[in-house]
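Structure record follows, encoded as structure tokens.
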Protein chains: 2
Amino acid sequence: MATTETQTKIGEITPSEWELMRIVWTKQTIYSRELIELLQQKREWSESTIKTLLRRLVKKGLLTTEKEDRRFKYTALVSEADAMNETTQQLFDHLCAMKQGATLYHLIDHLTLSQADIKQLQQLLATKLTTAPAQVACDCLPDECHCD
Amino acid sequence: MATTETQTKIGEITPSEWELMRIVWTKQTIYSRELIELLQQKREWSESTIKTLLRRLVKKGLLTTEKEDRRFKYTALVSEADAMNETTQQLFDHLCAMKQGATLYHLIDHLTLSQADIKQLQQLLATKLTTAPAQVACDCLPDECHCD
DNA sequence: ATTTATCAATTACATTTGTAAACGGAGGCG
DNA sequence: CGCCTCCGTTTACAAATGTAATTGATAAAT
């Protein structure tokens, strides 16, 4: 809930922007040149396009630039984890509370997780189980709800 | 991956459209009038706006209409589950494979799950554990990757 | 000093999205 | 038989997004 003062507009990262951000996050800090080269190994975007995206990300408050020498060094202002967490939760908010479990199931089923990851999740689930409600109510519509 | 012939553009559902879809899914089938009334209890959208969204959803192949009497009855062409699953996976594709476990952890931590949900997830995890790799490699960049 | 190579900034433009008013056809009412 | 009402269709328009060329500033090379 980040104290409302969400200066940085996470959750408004567009698909293209995610691609840039991913590289920036991975490299921690990067020059446009470097970024452009890396991105062009994946995408058919022109240099110009990538620069535009970079500037938009700066305007959105997701990146900062620091002039070093004569080129700019870009750094993320939000962490990859924060961005992902916020986006994921936002996505799940679209879904009936009742159906979140099933979606999660499907998601997990299709992801590759390490043994360590799985163990941590198991731990978490075990803990949650102790306080979990027997039923999660549907929150689709005010009154009637035909959720199975 | 759904035989490429993705006629129906899931994954291109906009936030506003999700709101309509959620109601349609819940009601299975619905008249615009009904939908408009339900939506207006939540959003400040004009009738016109909602109608526009409805038509766009039809064009996108997410809804169909069937004329009954003189008004139209709208029905979803994709299931809520499919839409969510596809969207969720798409979102996770934005993320380094190595960090998916952590994101999942955070997500689960913040969701309310029923006891039954949790048990199913536990079952799934137990199964997955038997074939899980010790490590999941980072897939951020071609060569070097500074994922911690 | 000129030319050239680099960058970033400005400008551009089609498409999508958010939002909505205006138009047009068909029953229902008087 | 006209008029009103409902509903879907057309049209509208600003903002965001995808994509990119052009311009301008500056440093490097000759």
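Every chain is numbered from 1, with letters handed out A, B, ... down the list of sequences. In this text the structure is predicted, and so the values were computed from the model without any measurement.
- Between B:Ser32 and D:dG8 there is a side-chain polar atom (N or O) within less than 4.0 angstrom of OP1 or OP2.
- Residues forming a side-chain hydrogen bond (donor to acceptor under 3.5 Å, both in side chains) with B:Thr29 (at least two apart in sequence, or on another chain): B:Thr75.
- Residues that satisfy the side-chain hydrogen bond (donor to acceptor under 3.5 Å, both in side chains) test with B:Thr103, not counting sequence neighbours, are absent from this structure.
- Across B:Phe92 and B:Gln100, no two heavy atoms sit closer than the pair O-NE2, 3.0 Å.
- One distance of note links CG of A:Leu141 with CG of B:Leu39; it measures 9.5 Å at 0.5 Å rounding.
- Shown here are the side-chain hydrogen bond (donor to acceptor under 3.5 Å, both in side chains) partners of A:Thr49, two or more places apart in sequence or in another chain: A:Ser46.
- For B:Ile36 and D:dC6, the CD1 to P distance is 12 Å, given to the nearest whole Å.
- Considering only residues two or more places apart in sequence or on other chains, A:Glu66 meets the salt bridge (Lys or Arg N to Asp or Glu O under 4.0 Å) condition with A:Lys73.
- Across the protein-nucleic acid pair, B:Leu63 atom CG and D:dG8 atom C1' stand 15 Å apart, rounded to whole Å.
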Do any N or O atoms of the protein come closer than 3.5 Å to N or O atoms of nucleotides 24-27 of chain D, and which pairs are they?
{"unit_1": "D:dA27", "atom_1": "O5'", "unit_2": "A:Arg70", "atom_2": "NH1", "d": "3.4"}

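- For B:Trp45, there are no ring-ring contact (aromatic ring centres under 6.0 Å, His included) partners at least two apart in sequence or on another chain.
- Spacing between atom CD of B:Glu37 and atom C1' of D:dC7 amounts to 13 Å, rounded to whole angstrom units.
- The heavy-atom pair separating A:Glu34 from A:Ile30 by the smallest distance is OE1-CG1, 3.3 Å.
- Residues satisfying the side-chain hydrogen bond (donor to acceptor under 3.5 Å, both in side chains) test with A:Tyr31, not counting sequence neighbours, are A:Glu68.
- Distance CD1 (B:Ile30) to P (D:dC7): 13 Å, rounded to an integer number of Å.
- Across all their heavy atoms, B:Leu104 and A:Leu113 have their closest contact at CD2-CD1, 3.9 Å.
- Nearest approach of A:Asp139 to A:Leu95, heavy atoms of both residues: OD1-O, 4.3 Å.
- Here D:dT17 presents its C1' atom at 14 Å from CD1 of A:Ile13, a figure rounded to the nearest Å.
- Distance, A:Glu17 CD to D:dA16 C1': 10 Å, rounded to whole Å.
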Tabulated below should be each protein N or O lying under 3.5 Å from an N or O of nucleotides 2-5 of chain D; please produce it.
none

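- For DNA chain C, the contact window with chain B, defined by any atom under 4.0 Å from a protein heavy atom, covers C:dT17 to C:dG27 in 5' to 3' order.
- Within the 4.0 Å cut-off from OP1 or OP2 of D:dC7, at least one side-chain nitrogen or oxygen of B:Arg33 is found.
- Within residues 45-56 of chain B, the residues that place at least one heavy atom under 4.0 Å from DNA chain C are, in residue-number order, B:Trp45, B:Ser46, B:Ser48, B:Thr49, B:Thr52, B:Arg56.
- Whole-Å rounding puts the A:Leu57 CG to D:dG18 P distance at 10 Å.
- Atom CZ of B:Phe72 and atom OG1 of B:Thr64 lie 11.5 Å apart (nearest 0.5 Å).
- Screening residues 113-129 of chain A for salt bridge (charged side-chain N to carboxylate O under 4.0 Å, His left out), with sequence neighbours left out, gives no hits.
- Identified under the salt bridge (charged side-chain N to carboxylate O under 4.0 Å, His left out) test for residues 47-57 of chain A, with sequence neighbours left out: A:Arg33-A:Glu47, A:Glu47-A:Lys51.
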